[in-house]
Amino acid sequence: MKEDIFLVSKEGIRYTYHKLIEDINNSSKLLRCCYNPDTYSIFLHILTSIIYGKNMILLDYDFTDKELNSLGIDKNELSSYEYIDNQPITNFQDILNKVDNNEDWKLTLFTSGTTGLPKRVTHSINNLTRFVRKSEKHQSDIWGFAYNPTHIAGIQVFFQALLNRNTIIDLFNLSKNEIYNRIEEYQITNISATPTFYRMLMPIDKYYPSIRRITSGGERFDVNLSKSLLIAFPNAKLRNIYASTEAGSVLESSNDHFRITNPQICKIEHNKLYINSSLVGLEDNLNYWYDTGDLVEIIDENTGEFVFISRDNEMINVGGYNANPSEIEDVLCNHPAVEQARVWGKPNPIIGNILIADVVCRLKCTEKELRDYLKSLLQDYKIPRIINFTNKIEKTRSGKIKRK
Amino acid sequence: MLQDYNIIMHNIALKIIEIKKYNNRRKMIMMKILLSIINNVRENNGMLPLESIAENMDLRADIGFDSLDLAELTVKIEKETGIDVFADSFVNTVGEILEKISK
């Protein structure tokens, strides 16, 4: 790309690296929390906070008031800011230097916790850029940006592109046709996305030779899907990433089989994957092995090859987002008409799992009423798409709801 | 002999017309069921109901469904018809769903 474009927004606005530097220099206030729907503003906020060495909290823009409350964030905190000196960045190299020499800077994100409470995860810049590949080879990369920019996968793609001074084309939440138009118009070379994102592009009836690399992550790898992708993107190599909000990218492979290449950061015990705490952004400095809750099956004892098979906790992966059924059940049970609720995941060919709620009502109410109520309190992906009204929900002997 | 042949041919023609009528009726019924499922998903997600659907309508571009909406649609179609329309391949249009549920 001849112009020095940093980002093309969903609306088609082109922001150059020159404009990015100008906007960093012109910032006079820095909000502590980033709660913004606009991808460019989010990236600008992250970079400005790095350059000024101020820690920041990154929030999903679709968090409801109730969810923000449960994260311990009130409205005042959302608008709290600091004045910043006009500390000019003269060129792109200054940004790189600041990113390279800012070991103290921390970024806080939130993820659905297994206990029902959201978990605060705080990452250093080293953790976020651990998997960045920086070389001459990557200078011509043009990124199709397909993750939520407030989630760790999106931030990792941002750093990968930024540190190689690449152009980012925002594709997140665009329609299938718009995505194809942008791949062609901007000659996108790299896309990193969830299998759900790729499934929404199917079937692909054209070839897109500009794509050199497709990366899949956030959900279970889909072997059939990957075959279709390699036909549509004949020049592409495929990479599958295992990552989590707590640790970022951890393992990678070219298919659904993984191997532990660095035993200091990962281990398998009793068919479960553990990650060394040095990689995990939880706010403690202890040395321990973090339990991912992901169960694996060893395929080859000699090479150590394994595949992921399931989880040993109740988190449900919905199109790459983790939903905690207990959190949703609690919200449902607060509705005056609901006596009991059970939320579970049904395997689905499009989004991996679809949330289903079985509900026992004490008063008459409709699916639409419950859905509207949930919408005011929870992010969209946490809302059960099917609500079954029933007379009884089975409980276990200890009185817990029996999930399917 | 020839008369018999003509009668047989005539009866076959009548049968074909009957089958065609039956198939069209069946298709119309399926279309109606599908419209009501699509509208249920639309209304659950804050979209206005559609008055009609056509076979060439794209589920994403024309009906406005995202991945979560499509997932909801598949479960509701399966509940009504017993058929998982996305089981073996991705469907794009109303016509492709009709084809799968009319079999």
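Bear in mind that the values here come from a model prediction, so they are computed numbers and not experimental data. By convention in this document, chain letters (A, B, ...) are assigned in the order of the sequence lines, proteins followed by strands, and residues within each chain are numbered from 1.
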Heavy-atom nearest pair, B/Ser67 first then A/Ile350, reads O-CG2, 4.0 Å
Closest heavy-atom pair and its distance - B/Asp84, A/Pro349
OD1-CG, 4.3 Å
Counting neighbours of CZ on A/Phe389 that are heavy atoms of other residues, nucleotides or ligands and sit closer than 6.0 Å, is the number greater than 12?
yes
By a 4.5 Å heavy-atom criterion (distance strictly below it), what part of B/Asp69 contacts chain A: side chain, backbone, both, or neither?
both
Counting only heavy atoms closer than 4.5 Å, note whether A/Lys368 contacts chain B via side chain, backbone, both or neither.
both
Inter-residue atom distance A/Asn224.CG - B/Phe90.CZ, 0.5 Å rounding
14.0 Å
Looking only at the side chains, is there a donor atom on one of B/Asn45 and A/Arg371 sitting less than 3.5 Å from an acceptor on the other?
yes
Among A/Asp380, A/Ile383, A/Ile351, which residue has the highest count of heavy-atom pairs closer than 4.5 Å to chain B?
A/Ile351
Segment of A/Ile387 engaging chain B (4.5 angstrom heavy-atom cut-off):
neither
Does the pair A/Lys346 and B/Glu72 meet the rule for a salt bridge (charged side-chain N to carboxylate O under 4.0 Å, His left out), with working shown?
CA-CA 11 Å; A/Lys346 180 180 195 276; B/Glu72 181 177 342; over 6 Å; no
Can you confirm whether B/Glu78 is buried at CD, in the sense that more than 12 heavy atoms of other residues, nucleotides or ligands lie under 6.0 Å from that atom?
yes
Any chance you could measure A/Leu355, atom CG, to B/Leu68, atom CG, to the nearest 0.5 Å?
8.5 Å
Can you pull out every side chain to side chain donor-acceptor pair (under 3.5 Å) where at least one residue sits in residues 48-58 of chain B? Sequence neighbours excluded, please.
B/Lys27-B/Glu55
Using heavy-atom distances under 4.5 Å, tell me whether B/Thr74 contacts chain A through its side chain, its backbone, both, or neither.
side chain
Closest contact, heavy atoms only, B/Asp66 versus A/Met200:
C-CE, 3.7 Å
Heavy-atom distances under 4.5 Å only: say whether A/Ser175 touches chain B with side chain, backbone, both or neither.
neither
Decide yes or no for B/Lys79 and A/Asn388: does some side-chain heavy atom of the first lie under 4.5 Å from some side-chain heavy atom of the second?
yes
Flag the pair B/Val75 / A/Arg385 as yes when at least one side-chain heavy-atom distance between them is below 4.5 Å, and no otherwise.
no
